[in-house]
Asker: 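I have a structure here, written as structure tokens, and I will follow up with some questions on it.
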Amino acid sequence: METLFVSSLNANLALAWVICIVLLLRLIFKRISKRLCLFLWLIVGLRCVLPFSFHSTFSFLPSSQVFDPGDMYGYSFKIHSGLYFIDDFVNDYLGDHYFEGISVPVETMLRSTRNGAVIWVIGMVILTVLLIAGIVALRRRLRTAVIYEGNIWQSDMIGTPFVFGIFRPKIYVPFNMQGKDFSLIIAHEREHIRHGDHIWKLLFYVILIIHWYNPLMWVAYKKFSDDLEFACDERVIGKISEDERKAYAMTLLNYAARTSLRFAERLYFGCEKIRDRIENIIGYKDRNRLLIAVFVLILFIATCGALTDPNPNADNNLLDILQRGIR
């Protein structure tokens, strides 16, 4: 378990670099379609789930193994962050102040790693229990829902529409929703189902539970959820007229933020950045093809750099070449 936790630490440190790269590209290409931005989050997802990795001279990561699992059983340890100025400072300090049996008690590192592994597991269990409990509570609230047609259900226990379910998802809407609002919201929720957004969001949340102690994963989950809603909005407004877009924006304003969301319900309800969504809808226009081409090129480079690890031969890595140049 201790070795698994150290592997998780190394994976999360690498993942932190990948998330920072994605957030930076998301900011640089803020004018690009959010449907394309979703491919950036695919890089994060792949980095989390791929059981193998390739080595590349052009990897953006400074190191794929900051902590050596074998150090748990030694008398001292070093970090290998891949950033010389950090490694030199930290390792010099550790060499002067950390040596088991002399400056610190024997097996200090092993005990610390074991305690970290226990906290990691407890955190995953708590988040999983909260998720399951929240889903059960939401299902109870929907027991009084009545079918409208097809997979559309109405309920007086909710204040905003959403998709609930995995393999046979249903659309739930409040009883007071009618007319044009009803048809536009149903179109939005059907787009979510058509593209499997409810499944992608759940998968990302499972990844979040595993990496819960990484604060950047919480940021990534929030931004990913927002981009799912933005992308869904774009797919809907791309099929309707200008006047219908304004009505769609007003519908979001009326219904999207009516309910105070509980822990598990955030998996199913839309993002809370209503103002940003409305601005994106009102200002929607066809994207510049040149910008899209540049984005695709950068996406390819980012994918190669983020999904590969630096070569064991540090002298040949891109980052090491740059650091030697700075030195």
Asker: For a quick test of reading the model, state the closest non-hydrogen atom pair linking Q154 to P174 and the distance between them.
Answerer: NE2-O, 4.4 Å
Asker: Taking the inter-plane angle between the rings of F162 and Y172 on a 0 to 90° scale, is it parallel (under 30°), tilted (30 to 60°) or perpendicular (over 60°)?
Answerer: parallel
Asker: Tell me the closest heavy-atom pair linking L184 and A247, and the distance in Å.
Answerer: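 Shortest heavy-atom contact: CD1-C, 3.8 Å.
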Asker: Answer yes or no: is there a side-chain heavy-atom contact under 4.5 Å between C37 and I32?
Answerer: yes
Asker: Of all heavy-atom pairs between A145 and S155, which one has the smallest distance, and what is that distance?
Answerer: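 Scanning both residues completely, I find the closest heavy atoms to be CB-CB, 3.9 Å.
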Asker: Nearest heavy-atom pair of W120 and I210: which atoms, and what distance?
Answerer: NE1-O, 2.9 Å
Asker: Measuring centre to centre across the rings, with the benzene-like ring taken for any Trp, is F99 within less than 6.0 Å of F77?
Answerer: no
Asker: Mind telling me whether F204 and Y221 have parallel, tilted or perpendicular rings, with 30° and 60° as the class edges?
Answerer: tilted
Asker: Short question: side chain of R141, backbone of I158 - any donor-acceptor pair under 3.5 Å?
Answerer: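 Judged by distance alone, no pair lies under 3.5 Å.
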Asker: If you take all heavy atoms of I119 and W212, which pair is closest and at what distance?
Answerer: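 Minimum heavy-atom contact is O-CZ2, 3.3 Å.
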Asker: Under 6.0 Å from the CZ atom of F39, do we count more than 12 heavy atoms belonging to anything else shown?
Answerer: no
Asker: Count the heavy atoms belonging to other residues, nucleotides or ligands that lie under 6.0 Å from CH2 of W200, then report whether that count exceeds 12.
Answerer: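 For W200, atom CH2 is not crowded (no more than 12 foreign heavy atoms under 6.0 Å).
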Asker: What's the spacing between L15 CG and I19 CD1 if we round to 0.5 Å?
Answerer: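 Interatomic distance, L15 CG to I19 CD1, rounded to 0.5 Å: 4.0 Å.
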Asker: Side chains of D233 and H188 only: does a donor on one sit below 3.5 Å from an acceptor on the other?
Answerer: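 Yes, H188 and D233 have a side-chain donor paired with an acceptor closer than 3.5 Å.
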Asker: How long is the straight-line distance from CG of D226 back to CZ of F230, given to the nearest 0.5 Å?
Answerer: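 The CZ atom of F230 sits 5.5 Å away from the CG atom of D226.
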Asker: Does the pair V173 and W153 meet the rule for a side-chain contact (heavy atoms from CB on, under 4.5 Å), with working shown?
Answerer: CA-CA 6 Å; V173 296; W153 292 68; over 6 Å; no
Asker: Quick one: CD1 on I207 to CG on N214, what's the gap to the nearest 0.5 Å?
Answerer: 12.5 Å
Asker: Are the side chains of P310 and H55 in contact, using a 4.5 Å heavy-atom criterion?
Answerer: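 When only atoms from C-beta onward are counted, P310 and H55 do not touch, as no gap falls below 4.5 Å.
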Asker: A side-chain contact here means heavy atoms from C-beta on lying under 4.5 Å apart; do E229 and H192 qualify?
Answerer: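 Yes, side chains in contact.
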Asker: Hey, could you give me the CG/NZ distance between L142 and K170, rounded to the nearest 0.5 Å?
Answerer: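 With rounding to 0.5 Å, CG (L142) is 9.5 Å from NZ (K170).
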Asker: Using atom types as modelled and distance alone, determine if a side-chain donor or acceptor of S63 lies under 3.5 Å from a backbone N or O of H80.
Answerer: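 Flag set: sc S63 to bb H80 pair under 3.5 Å.
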Asker: Answer whether the closest heavy-atom distance between the side chains of F60 and V18 falls below 4.5 Å.
Answerer: no
Asker: Do S59 and D309 pair up side chain to side chain, a donor and an acceptor below 3.5 Å, judged on atom types alone?
Answerer: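 No pair is found: no donor N or O on one side chain lies under 3.5 Å from an acceptor on the other.
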Asker: Counting C-beta onward and ignoring hydrogens, is there a side-chain heavy-atom pair between L216 and C20 closer than 4.5 Å?
Answerer: yes
Asker: Could you tell me the separation between the CG atom of L40 and the CD1 atom of I43, rounded to the nearest 0.5 Å?
Answerer: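 The distance works out to 5.5 Å.
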Asker: Between P169 and G165, what is the shortest heavy-atom contact and its length?
Answerer: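 The answer is CB-O, 3.9 Å.
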Asker: Just do the side-chain contact (heavy atoms from CB on, under 4.5 Å) check on F295 and F300 with the steps written out, would you?
Answerer: CA-CA 9 Å; F295 175 81; F300 174 76; over 6 Å; no
Asker: Is there side-chain contact between T308 and L61, with heavy atoms separated by less than 4.5 Å?
Answerer: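 Not in contact.
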Asker: Starting at OG1 of T113, measure out to CG of L4 and round the result to the nearest 0.5 Å.
Answerer: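 Here the interatomic distance stands at 12.0 Å.
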Asker: Are any of the side-chain heavy atoms of R111 and P105 separated by less than 4.5 Å?
Answerer: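 Of all side-chain heavy-atom pairs linking P105 with R111, at least one is under 4.5 Å.
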Asker: Tell me, do F29 and V294 make a side-chain contact under 4.5 Å, heavy atoms counted?
Answerer: yes
Asker: Would you say the side-chain atoms of H211 and N12 include a donor-acceptor pair closer than 3.5 Å?
Answerer: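 N12 and H211 do have a side-chain donor-acceptor pair below 3.5 Å.
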